[in-house]
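Residue numbers start from 1 in every chain, and the chains themselves are labelled A, B, ... in the order their sequence lines are given, proteins ahead of strands.
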2 protein chains.
Amino acid sequence: MRPERPAPLAKQGRGPSMHDVAARAGVSHQTVSRVLNDFPGIRPETRERVQAAIRELGYRRNMAARALATGRSEVIGVIMPEVPHFGPTSTLYAIEHAAKQVGFKPLITTASWDSESMGEALDFLLGRAVDALVVMAQHPDVLAAVDAITDVPVLFVLTGNSHAERSVAVDQVAGTRLALDHLYSLGHRRFQHITGIAGLTEAQLRRDTFLEFLDEHGLERLPVLEGDWSADAGYRAGLEVEEGVTALFVANDPMAIGAIHALEERGLSVPRDISVVGFDDVPESAYAHPGLTTVHQDFAAVGLRAVSLVFAAINGKEPGPVEPIEPWLVVRDSTAPVRA
Amino acid sequence: MRPERPAPLAKQGRGPSMHDVAARAGVSHQTVSRVLNDFPGIRPETRERVQAAIRELGYRRNMAARALATGRSEVIGVIMPEVPHFGPTSTLYAIEHAAKQVGFKPLITTASWDSESMGEALDFLLGRAVDALVVMAQHPDVLAAVDAITDVPVLFVLTGNSHAERSVAVDQVAGTRLALDHLYSLGHRRFQHITGIAGLTEAQLRRDTFLEFLDEHGLERLPVLEGDWSADAGYRAGLEVEEGVTALFVANDPMAIGAIHALEERGLSVPRDISVVGFDDVPESAYAHPGLTTVHQDFAAVGLRAVSLVFAAINGKEPGPVEPIEPWLVVRDSTAPVRA
DNA sequence: CGGGTGAATGTTACCGTCAACATGTTATCG
DNA sequence: CGATAACATGTTGACGGTAACATTCACCCG
């Protein structure tokens, strides 16, 4: 199962074309085209005849030909990270749904953030004449790799609002502060943080904001624990949480769940001994044990807004600056006031 | 943001074509084509010159034209359910990865299982001249809706091995029996089940097998609790679990997590008072509280095998019957021997 | 009642690529 | 040394649509 080059080509007889329909309806192929595209000035009776022919032949428009002639494909290219985490996946679904509403479909490809991988992804999508590009730019390098593209409108997503220019994102700084303010207001003063994958913009923003917050409040900087978004990593990091820490801010929910598991194994009770806040609000977090306090990110809104902007750009309207999407805090049982 | 018909067409100047490259390299466009497609019999020096021209112009093959000329698009159409659950999503990623290895990419669309929605999805994908179709057929009706398609190889996925014909699936009956045998061997005799979305093949198979199992062992049929795959539904169902039940088989992990939450709220301890088995083995299940015993489904294998079969079919090789993919049981802490 | 007008439809060229066939150019060999 | 492969490349015509322009016809009006 390796990539063959001159592929055997299992010639599958093509379906009927416009000409076939035209012949059957006794009109010219152009008239068929006009019916298909809802052009005015077709006699109802003619339209009827054409539509009948279409139905009878089971005709289906060839979008490759249409794309060739018009230069448009009604497809939006989407570049995703290679690992299917909750955020990208949710956003993808939202994009798919929103795109469908306006007659577009996504053409998906995955890429890591090195420029070679991105280059391949771009070649693939642009070669398909996608009408626009939505790039999940979780890593700063991605922006550079895509920068040269001018063939087509490009929109970045999941950039943590660090590149407001052409990007739709949940405000990571605001989300992080929501979590930390909550813990601080419960009286906690000894904080630790478990990060997401090093280098990813969102992980970096949460981490930087965490450290900023500590400094602002004159709190001690305990070691930051490195994670990779996975529950496994959260578990391992949870084993390393320092004695005396009462507030643990974890960069996403799965890691938080892993970490809580580790803490309990160590005999620490959440939230009695230590409060934990996650990030994302995955559906299971409400039923974790204890229910996980977390920052909700509205990925559906991200997808919707992304498509709406992309659609505007495709139609030549250049919209104004984009506001970040505001996250909100969901307080559950994994956080409690610090013990006296 | 509604679907406009005659769309304004933001004319974006097209990129260079083969002719431009040919002119620059001082050869004919056909020679360019040959270089691009790795045809033999090109003088190395000529090849060099063409490749230089390609690089200099930033030429990119127009796949719409290629698709039109060859009738192939190197794209696999994928029809997904509208709600992004773990199984379909994981499978999608696996398909994307496997497809990439053989030079294909997925074109995704979602559809519910009614024939109208499926019809639209099919029109869209076949209009794009996809080379093959992978349909996530979670509902029996889907099979009927897609049945008429002969233009292109079609493969079903996630059918729970109920339609072995043209389908790749994890064996649901086997998986269910793994879970139930485990519980039975621990001494449990009072079972209850929380189902997935009514009507979906996988949910149905798990449920039917559950009932069969009860009958085979002469166990009482307590009411089956209706769920919908969501942790929420699991929680609600968990509130309804009957007194005296010691073994709860839940149709997926998120619902199991929700159910456990409900049981603990009711003062029942898992696994002391009641053992719970889930299905799917989502990554967080290992760190649920208690660690969830569950049936692991290898979605990566499903995706891989699906692509491999589809690829074979595209190249005209009709492969033999497909073996189902075997799930396995992962025993963790949510199951224990029944108390004496 | 002839020309103008607009509605309905037809004709032709072109989008960028591949496939089939045609041509030109070297080596090869009797 | 001329016929003849074998190789390297060029030319032409699909593929199935869309767009621009051309045509036909009926009708209206001065």
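Here C/dA7 presents its C1' atom at 15 Å from CZ of A/F39, a figure rounded to the nearest Å. Atoms CD (A/E74) and P (D/dT18) sit 10 Å apart, rounded to a whole Å. For the pair B/M63 CE and D/dG17 C1', the computed distance is 18 Å after rounding to whole Å. For the pair A/H19 NE2 and D/dG17 C1', the interatomic distance rounds to 8 Å; values are reported in whole Å. Atom C1' of nucleotide C/dA8 and atom CD of A/E45 are separated by 12 Å, given to the nearest angstrom. Here D/dG17 presents its C1' atom at 9 Å from CZ of A/R66, a figure rounded to the nearest Å. Taking atom CZ on A/R72 and atom P on D/dG17, their separation rounds to 18 Å, with Å as the unit. Taking atom CG on B/L36 and atom P on C/dT17, their separation rounds to 8 Å, with Å as the unit.
Minimum heavy-atom separation, B/V157 to B/A306: CG2-CB, 3.9 Å.
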Dump the pairs, protein N or O against N or O of nucleotides 24-27 of chain D, anything under 3.5 Å, distances to one decimal.
none

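B/F104 and B/F311 have perpendicular rings, their planes meeting at more than 60° on a 0 to 90° scale where under 30° would count as parallel.
Atom CD of A/E323 has 12 or fewer heavy atoms from other residues, nucleotides or ligands within 6.0 Å.
In this structure, A/T109 OG1 and A/E120 CD are separated by 8.5 Å, a value rounded to the nearest 0.5 Å. Rounding to the nearest 0.5 Å gives a distance of 13.5 Å between CZ of A/R305 and CD1 of A/I95. The distance from the OG1 atom of B/T110 to the CD atom of B/E82 is 4.5 Å, given to the nearest 0.5 Å.
Side-chain contact, A/T89 with B/T89: no donor N or O sits under 3.5 Å from an acceptor N or O.
End-to-end axis angle of the helix from C/dC1-D/dG30 to C/dG30-D/dC1, from C1' rotation axes over five pairs per end: 60° (rounded to 10 degrees).
Taking every side-chain heavy atom of B/S17 into account, C/dG16 is the closest of D/dG16, C/dA19, C/dG16.
In this model, the phosphate group of C/dC18 is not approached by any side-chain N or O of B/T70 to a distance below 4.0 Å at OP1 or OP2. For C/dC15, the OP1/OP2 oxygens have no side-chain nitrogen or oxygen of B/N62 closer than 4.0 Å.
Distance alone, capped at 3.5 Å, is enough to place a donor-acceptor pair between the B/R49 side chain and the B/A25 backbone. Using a distance-only test at 3.5 Å, with no hydrogens or angles considered, a donor-acceptor pair links the side chain of A/S73 to the main chain of A/A129. Side-chain atoms of B/D131 never come within 3.5 Å of backbone atoms of B/I76 as a donor-acceptor pair (strictly under, hydrogens ignored). No donor-acceptor pair closer than 3.5 Å links the side chain of B/H85 to the backbone N or O of B/G87.
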Expected string for nucleotides 4-13 of chain D under the B/S/- scheme (protein heavy atoms, under 4.0 Å, primed atoms plus P, OP1, OP2 as sugar-phosphate) is ----SBBBB-
